[in-house]
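Letters A, B, ... are given to chains in the order of the sequence lines, protein chains preceding strands, and every chain is numbered from 1.
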Protein chains: 2
Amino acid sequence: MSIRSRGDAFPTPPPEVPPPAAPAVAGAAVSWLTRREQRVWRRYLLMTSQLTVWMNRQLAAEAGISLADYDVLVRLTDTPEGRLRVTKLARELSWEQSRLSHHVARMQRRGLVAREECADDGRGALVVLTERGRAMIEQAAPAHVAFVREHVFDMLTEAQVDALDAIATSVLTRLAADDHPSSA
Amino acid sequence: MSIRSRGDAFPTPPPEVPPPAAPAVAGAAVSWLTRREQRVWRRYLLMTSQLTVWMNRQLAAEAGISLADYDVLVRLTDTPEGRLRVTKLARELSWEQSRLSHHVARMQRRGLVAREECADDGRGALVVLTERGRAMIEQAAPAHVAFVREHVFDMLTEAQVDALDAIATSVLTRLAADDHPSSA
DNA sequence: GGGATCTGATTGACACGTCATGCACCTTAA
DNA sequence: TTAAGGTGCATGACGTGTCAATCAGATCCC
């Protein structure tokens with residue numbers, strides 16, 4: 001987790017009003033977060049970091065794989081032949097190309113996937129699910145799904161699930177809007 | 001991905017009903033996620049991963065620091081003397097002890113913080129904010145806060161902020177409930 | 001056909017996180 | 001007071017993620 005990072009905060013600025021003396025960088029009027037926004041934001045960050053930490057722990061314990069492994073394996077499983085072009089897989093995962101390349105190399109060492117040359121394109125490479133990889137994902141899935149259900153969906157009302165969906169959609173739309181330079 | 005990783009998914013199982021033939025591991029009736037739940041979950045994971053990726057990019061561009069650096073610096077700034085015991089800092093960040101130890105070592109190399117011995121406890125260590133560290137956080141904060149405001153809070157209604165808070169609270173409560181073994 | 005250029009993918013360097021381990025120092029209780 | 005156990009922190013090994021560089025194979029176009 002992130003396998004990720006982030007259990008976080010904001011500098012001391014008083015609610016609403018501009019900071020006392022600290023960030024006097026550019027002569028700009030910084031729109032600080034309100035106390036409530038700070039609280040919500042910190043909680044959000046804590047939730048996401050803790051969730052990924054625990055999903056990783058649980059997957060490691062159950063099946064010896066990481067959440068990243070799980071994601072890759074799921075996408076491959078979703079495919080008829082259990083094989084996908086590297087670029088396409090990266091796009092589906094919203095991963096950077098090189099991240100996937102590194103990750104596939106590691107998974108290959110563990111026998112979870114294999115690489116194949118691509119017939120139509122000499123540069124291309126296919127990532128192929130191995131038997132072992134398939135076994136792993138089938139072993140891991142039930143407990144992982146159960147974890148997500150128990151720790152997330154079982155805790156939320158229908159309305160909250162709707163809200164979460166709307167929130168994620170809004171934020172992603174915003175990110176897509178100004179993050180045109182490389183989509184990551 | 002980690003801070004983490006995760007743009008993810010679930011195996012192919014049909015909505016609601018148990019899987020066709022795949023995960024027949026333990027003779028358990030797995031409660032798969034509905035199509036809608038899968039969609040929401042994937043979107044949530046994508047939102048969180050993208051947000052952290054972009055927060056990191058933005059902080060790196062603006063001030064040459066990571067989100068993790070930012071978090072550490074903020075907590076130190078929140079303190080009168082700009083110094084905190086390692087364990088206490090780790091608890092406040094909800095970080096593992098060793099993660100903080102490694103991170104402080106890296107930040108120390110860059111001159112953002114320093115280590116000090118602890119007077120009352122021979123084992124203790126204090127992390128101290130340096131002038132350079134204070135300068136960094138003051139330089140980074142306005143743009144970071146603006147980023148969060150523009151990409152998150154400006155996109156949400158009051159009701160959605162409330163919902164996000166309630167969701168995070170519920171999930172964190174659940175995590176705290178069964179994750180008693182080591183709080184991370 | 002043969003350069004300029006684009007595209008798919010890998011690689012290396014390096015920051016980051018986790019787990020297990022080690023160890024110094026404190027605390028306790030006999 | 002001293003051995004046993006606990007606490008605070010650092011470290012090593014290793015998997016992970018990012019960016020920049022590289023490179024081979026495709027494409028374009030004169």
Problem set entry | Arg134(B): partners by side-chain contact (heavy atoms from CB on, under 4.5 Å), with sequence neighbours left out | Thr77(B), Leu129(B), Glu131(B), Glu138(B)
Exercise. To the side chain of Glu96(B), which of dT18(D), dT18(C), dG17(C) is closest?
Worked result: dT18(C)
For this session: Whole angstrom is fine here: how far is it from CZ in Arg106(A) over to C1' in dT10(C)?
Result: 13 Å
Problem set entry | Distance, rounded to the nearest Å, where Met107(A) contributes CE and dT16(D) contributes P | 9 Å
For this session: Under the salt bridge (Lys or Arg N to Asp or Glu O under 4.0 Å) rule, collect the residues that match up with Arg123(A), sequence neighbours excluded.
Result: Asp121(A)
Exercise. For the side chain of Ser66(B), counting heavy atoms from C-beta on, which of dC26(C), dC16(C), dT18(D) is nearest?
Worked result: dC16(C)
Find every protein N or O atom lying less than 3.5 Å from an N or O atom of nucleotides 9-13 of chain D, and list the pairs.
| from | atom 1 | to | atom 2 | distance (Å) |
| --- | --- | --- | --- | --- |
| dC9(D) | OP1 | Arg85(B) | NE | 2.9 |
| dC9(D) | OP1 | Ala125(B) | N | 2.8 |
| dC9(D) | OP1 | Ala125(B) | O | 3.1 |
| dC9(D) | OP2 | Thr87(B) | N | 2.7 |
| dC9(D) | OP2 | Thr87(B) | OG1 | 2.0 |
| dA10(D) | OP1 | Arg115(B) | NH1 | 2.5 |
| dA10(D) | OP2 | Ser101(B) | OG | 2.8 |
| dA10(D) | OP2 | Arg115(B) | NH1 | 3.1 |
| dA10(D) | O5' | Ser101(B) | OG | 3.4 |
| dG12(D) | O6 | His102(B) | NE2 | 2.6 |

Problem set entry | For Ala63(A), all residues meeting side-chain contact (heavy atoms from CB on, under 4.5 Å), sequence neighbours excluded | Ile65(A), Gln139(A), Ala140(A)
Exercise. Quick one: side-chain contact (heavy atoms from CB on, under 4.5 Å) partners of Ala90(A), sequence neighbours excluded?
Worked result: Leu100(A)
For this session: Mind calculating the distance between CZ (Arg109(B)) and P (dA15(C)) to the nearest angstrom?
Result: 7 Å
For this session: Report the residues that fulfil side-chain contact (heavy atoms from CB on, under 4.5 Å) with Thr130(A), sequence neighbours left out, ordered by chain and then residue number.
Result: Ala114(A), Arg132(A)
Problem set entry | Nearest-angstrom distance from the residue atom NE2 of His103(A) to C1' of dG17(D) | 11 Å
